[in-house]
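Below, chains carry the letters A, B, ... as their sequence lines are ordered, and counting in each starts from 1.
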Amino acid sequence: MVDSDKLLRFYRQMLKIRLFEEQVNQLYLGAKMPGLAHLYIGQEAVAVGVCEALRADDYITSTHRGHGHCLAKGAAIDKMFAELLGKADGYCRGKGGSMHIADQERGNLGANAIVGGSAGIATGAALSAKMRGTDQVAVCFFGEGALGQGLLYECMNMAALWKLPVIYLCENNMYNEYTHYSETTAGTIEGRAQAFGIPTETIEGQDVELVYRTASKLIERARKSDGPSFLLCNTYRFHGHHVGDIDRAYYRPKKEEEEWKERRDPVKLLADKLVRSEIVDRQFLAGTESEIAGEIKSGADFALNAPYPDATEVDQDVYA
Amino acid sequence: MVDSDKLLRFYRQMLKIRLFEEQVNQLYLGAKMPGLAHLYIGQEAVAVGVCEALRADDYITSTHRGHGHCLAKGAAIDKMFAELLGKADGYCRGKGGSMHIADQERGNLGANAIVGGSAGIATGAALSAKMRGTDQVAVCFFGEGALGQGLLYECMNMAALWKLPVIYLCENNMYNEYTHYSETTAGTIEGRAQAFGIPTETIEGQDVELVYRTASKLIERARKSDGPSFLLCNTYRFHGHHVGDIDRAYYRPKKEEEEWKERRDPVKLLADKLVRSEIVDRQFLAGTESEIAGEIKSGADFALNAPYPDATEVDQDVYA
Amino acid sequence: MAKQAQTTAGRAITFAQAINEALAEEMRRDPKVFILGEDVAEAGTPFKVLSGLVKEFGKERVIDSPISEAGIAGICVGAAMTGMRPVVDIMFGDFATLVMDQMVNQAAKTHYMSGGKLTVPMVMRTTLGATRRSAAQHSQSLHAWFSHIPGLKVVLPATPYDAKGLLKTAIRDDNPVVFFEDKMMYQQKGVVPAQDYTIPFGVADVKRAGKDITLVATSSMVEVSLKAAEILQASNISAEVVDVRTTVPLDKETLIASAQKTTRALVVDEGYERYGVTAEIASVIADGAFYYLDAPVKRMGAMDVPVPFSPVLEDQTVPTPESVAETARKLCGKM
Amino acid sequence: MAKQAQTTAGRAITFAQAINEALAEEMRRDPKVFILGEDVAEAGTPFKVLSGLVKEFGKERVIDSPISEAGIAGICVGAAMTGMRPVVDIMFGDFATLVMDQMVNQAAKTHYMSGGKLTVPMVMRTTLGATRRSAAQHSQSLHAWFSHIPGLKVVLPATPYDAKGLLKTAIRDDNPVVFFEDKMMYQQKGVVPAQDYTIPFGVADVKRAGKDITLVATSSMVEVSLKAAEILQASNISAEVVDVRTTVPLDKETLIASAQKTTRALVVDEGYERYGVTAEIASVIADGAFYYLDAPVKRMGAMDVPVPFSPVLEDQTVPTPESVAETARKLCGKM
Ligand SMILES: Cc1ncc(C[n+]2csc(CCOP(=O)(O)OP(=O)(O)O)c2C)c(N)n1
Ligand SMILES: Cc1ncc(C[n+]2csc(CCOP(=O)(O)OP(=O)(O)O)c2C)c(N)n1
Ligand SMILES: [Mg+2]
Ligand SMILES: [Mg+2]
């Protein structure tokens, strides 16, 4: 069982992501953010459950929907907002933006705007860990849409052959952009990994404790050189594919959205559990929330007031 | 059961491939053939068993080791030799060579020098058949090495989703060039297709009757719009990876080669069966062999004496 | 010009509508034409370019695919070889990286390798262009790669009129054609004839006549060059703007003739400048107009950096009317 | 020259041995360097270039992979980002089609997109060149594609000496480097120093001094150009042969200075001519030497056709000493 301090920490982390993303949406609606962003709201338990089971020096690779992974791995709110606004204080000096935040110090090898594009990177990081004789582990986050990309299969084959310490972490939120995954996914998702002899687990991704426990087990396995595994988390994105995807009834029933929000909101579920188990009361949680809301607000303010990179930076760092 | 006329026809076709390939080897050794070629000797039962179960208007796609598929689908010996020698009378006017022979009239959409490169073409031909409302079927031949290519998985997924009339035909001859397939293939081969809900069969690929019967069943299935399937044929290439691959003890034991040649030679096995079943006697088979040997010789002679394409053809047919 | 006469009889529609109409009309005309791509059916693509097509033609001819660029390109190659005329939708030009084997080793070579027997009449539609704050993996203009490959044709329309006429030509062509649409142009309007028309490949279009300098431009850079010409006008420099429309086949004659006339040329394109299409076009002009040129042929492409996210950085990477006008002015010796 | 002094102390080895030695020495020097590719271990690649390495370094550092070009390239990107220095072997340059996403959208952009934090110190070794009767999918020279992409460096050695020195530089470089080896050159011999040496990127090498015309060449075409220079000698034309050695970074100064001196330039490369690297190099020279040139800069690449199998056809597609000499002679006004 997970102790109550940990559960509280999970709650803080999940809420941080939730409020961060809501703020991102506001920045977008207020025309303060350049471009678009893909919100992680609804999926917080996956990133937090997994990243809490990782060490600081373990690796993750992330996706276009990557803010949650990034925060869960320990990124600072202010530097993330700064990146989203294209400011010099951002994680990538404003050069990466929402879809490319990387945070090398915490082992985040970067979000990736190519669906499935990080399968090689995560697998390579695992090979590297093995060759360098560390016991680091790599987690490759991807949406179920990435199952359409051949690269993933090429990499799973090699990970299995060479027993690499990598966990393929599939977040099935049921939609590839505007298309239901059943229209794009034949057979079973688990079969895709089992074909290579990779053990799989399928879990409810809205239960952070379950995600944490399952991830811990698979990470331990990888750390002990027992090879790769595949973890399928069933989850849901509460918002549109990106911040601009408002009218979505044509591809996704409103009722489905409402049901998930009501019954399977990972933040609510954990809050209820914390209260039910008498770990904390509602008032405490409200306090936590306003505390985090404060951090989010000051992070966003920092970013809004931060300077843009100097124009001369445009051709810097093309080459190392 | 397969009737004796058919068995005799299988024999002729297999022997044709065998003798054709031996002639190719001679042309190479005699420095009469430009470049290299990958001999199909040892795998004849697969191409013949499958193609005999196909209609003339069905499609196949083939590989770098493609002479057998091409002949089995009905190509003419002389035009094939002409192509291998780069002559104007070749199937591709000498522009394709060994690795690119295509024979559109008999539904052969071409050999392919990119391992796994024809998975899309075969699947697309099946989609096309379905859209045009014909009941044509497509067979995608590939070696087990192609299981390393992501494209195959992308295509199998779509074939399964859309119930396309395509058969993925994996010839496991146990080697990817100079590397044993166990070093490159994790898990199971069948699992690769089963993951997409594609039914699979695994058979001894040296038994032409078995190949024919199994292929017939899967082709019938595809023709009736019941969707794709995957057929794994265990087989062996008796020669090197290509004609120049002579010293191969470092990657493949001589003993293994000898055992296959002795006990699992598909041509010998069928000859034995024909005699054992008293369909024909040894003398008859000898007659057949010298007949085919004659065809091979005159085909090769035709090609040797045929003219090269005119130099001006070099920039013709770049565009249709 | 014939074009003028035609267009007055037309209606003003957006670039996106022009694409949509071309597809709809060709799909009505020829049952062999179909569309395959990610989110092409009900969603009509993220850019809404294909909106409504699935209603008319059904999900059998406007097919939503998994996120499998290589796979869908390959499937279109096979379908094209066997009697269909597929149009594959590759959402962002940056994903071209995933289809190169199917387009280059398969589609482009099949006709030649088969000695002229097999044909691959397919169109790959994709996008180009930066300044959408989409960062390095969603902002590239990779048409130079395809232009390099014998067997492919490459189309870069710059107006709704051209987009519609060229796309129809592409669909009717018996070869693999790669068709690049500038994402920033989708909402721009232009007059398009009511009746059926096509525009031949390999015919550059003089979008503005002039006599002091030739601005050769592609796709998004045609409008930029036209605006630059306006700016130059104020300095009494008369710029001719030539839109190449197709990089393959390339209408060398028109480009060279224009440069011979004006004696100066600047080639503008949104792909990375280094080893980009401006290099080929500039070389062709520098060679063909050598004895007429009063100044070296100059080139402007996107800056040779991965496209940065931050607006203050990104906006520097693409030629603008001002930067084009400035380079042109220098080239004319008027600074 | 320093180079002369060095080489006299060396031994004559083949191009393949030069590659092999560079790898072996770098792997000895730095435990982070490893090799990943198809048939690289016991087989030592089909070209036998890596023979013996697995014996010294073991299967953990000379790793046989499945036939998964995209996968192995991607794995090398990840390994490079996390402290290793991988060398990925892509057997034929034609298979570059399969690794473009990993090399271009990932490897090339990571350093920039991360604001300079992450680096990808990897080398992709691959081949180029035709005339091996290997037909359209095993004969291409696709270095133009990589040269177009900011973030990548592109190396094209033309001698064993250059191959060894440049490969060592590539392995020590902190960026993704694409290294092209001409398959037909593997057995050619050249003198290479016994001691450790590297050759800096971005420094063109004047392989032969001359005064009437500059032949700018890459890789396989350096030898062809040197032979053409011999032929031209007989017609009293003194040709300077400049080997660019790296297309990125490109040593513009040396190329321009040579053309300014000789007043004529011909650029020769084995990639498809259209939109190929000759276009960039010719543009750079035509611009930089504009006021010195007595004739337009000319280019010779591979013919713009998929490489045909038949020897009588294939041999026409690649520049030869004779065809280069003939074009050069024309350019010098001596026909
Ligand atoms: C290779 C590639 N193809 C297409 C896209 C466009 N695209 C961006 S996100 C997306 C859907 C991804 O779905 P999934 O992997 O399930 O992730 P989710 O958005 O649900 O988190 C698509 C098609 C892309 N970015 N990369
Ligand atoms: C994409 C690609 N990678 C590598 C090669 C080089 N190559 C040619 S054949 C071959 C081995 C293929 O093995 P398999 O698919 O089992 O076919 P087999 O040769 O055994 O018939 C390799 C690696 C290639 N042609 N294409
Ligand atoms: Mg999803
Ligand atoms: Mg094999």
Ranking B/Ala102, B/Gly90, B/Gly97, B/Cys92 by heavy-atom pairs under 4.5 Å to chain C gives rank one to B/Cys92

What residue, out of B/Glu83, B/His100, B/Lys95, has the most heavy-atom pairs lying under 4.5 Å from chain C?
B/Lys95

Neighbours of chain C found in residues 112-134 of chain B - heavy atoms under 4.5 Å:
B/Asn112, B/Ile114, B/Gly117, B/Gly120, B/Ile121, B/Thr123, B/Gly124, B/Ala125, B/Leu127, B/Ser128, B/Met131, B/Arg132

Checking heavy-atom separations under 4.5 Å from chain C, one finds in residues 55-72 of chain B B/Tyr59

If I measure from the heavy atoms of chain B, does C/Ser65 come under 4.5 Å with its side chain, its backbone, both, or neither?
both

Segment of C/Asp174 engaging chain B (4.5 angstrom heavy-atom cut-off)
both

How about residues 85-104 of chain C versus chain B: which residues have heavy atoms under 4.5 Å apart?
C/Asp101, C/Gln102

[X] versus chain C, heavy atoms under 4.5 Å apart: side chain, backbone, both or neither?
X	value
B/Val166	neither
B/Leu161	side chain
B/Gln316	backbone

With a 4.5 Å cut-off on heavy-atom pairs, point out which of C/Ala80, C/Gly74, C/Ala73 contacts chain B the most.
C/Gly74

For chain B, which candidate among C/Val77, C/Leu152, C/Ile67, C/Leu36 shows the most heavy-atom pairs at distances under 4.5 Å?
C/Leu152

Would you give the length of the straight line joining atom [atom1] of [X] to atom [atom2] of [Y], rounded to the nearest 0.5 angstrom?
X	Y	atom1	atom2	result
C/Ser114	B/Arg93	OG	CZ	12.0 Å
B/Glu154	C/Ile72	CD	CD1	9.0 Å
B/Met158	C/Ser68	CE	OG	4.5 Å
C/Glu69	B/Leu151	CD	CG	12.0 Å
C/Asp173	B/Tyr319	CG	OH	9.5 Å

Heavy-atom donor-acceptor pair, B/Asp317 side chain to C/Tyr112 backbone, under 3.5 Å
no

Donor-acceptor contact present, side-chain C/Lys117 to main-chain B/Tyr91, <3.5 Å
yes

Is it true that, when you exclude [X] itself, more than 12 heavy atoms of the residues, nucleotides or ligands shown sit nearer than 6.0 Å to its [atom1]?
X	atom1	answer
C/Lys48	NZ	yes
B/Glu220	CD	yes
B/Lys32	NZ	no

Testing the basics here: between B/Leu109 and C/Thr82, what is the closest heavy-atom pair and its distance to 0.1 Å?
CD1-CG2, 3.8 Å

Search all heavy atoms of B/Trp162 against all heavy atoms of C/Asp64 and return the closest pair with its distance.
CZ2-O, 3.5 Å

Would you please name every residue forming a side-chain contact (heavy atoms from CB on, under 4.5 Å) with C/Pro249, sequence neighbours left out?
C/Lys153, C/Phe201, C/Thr246

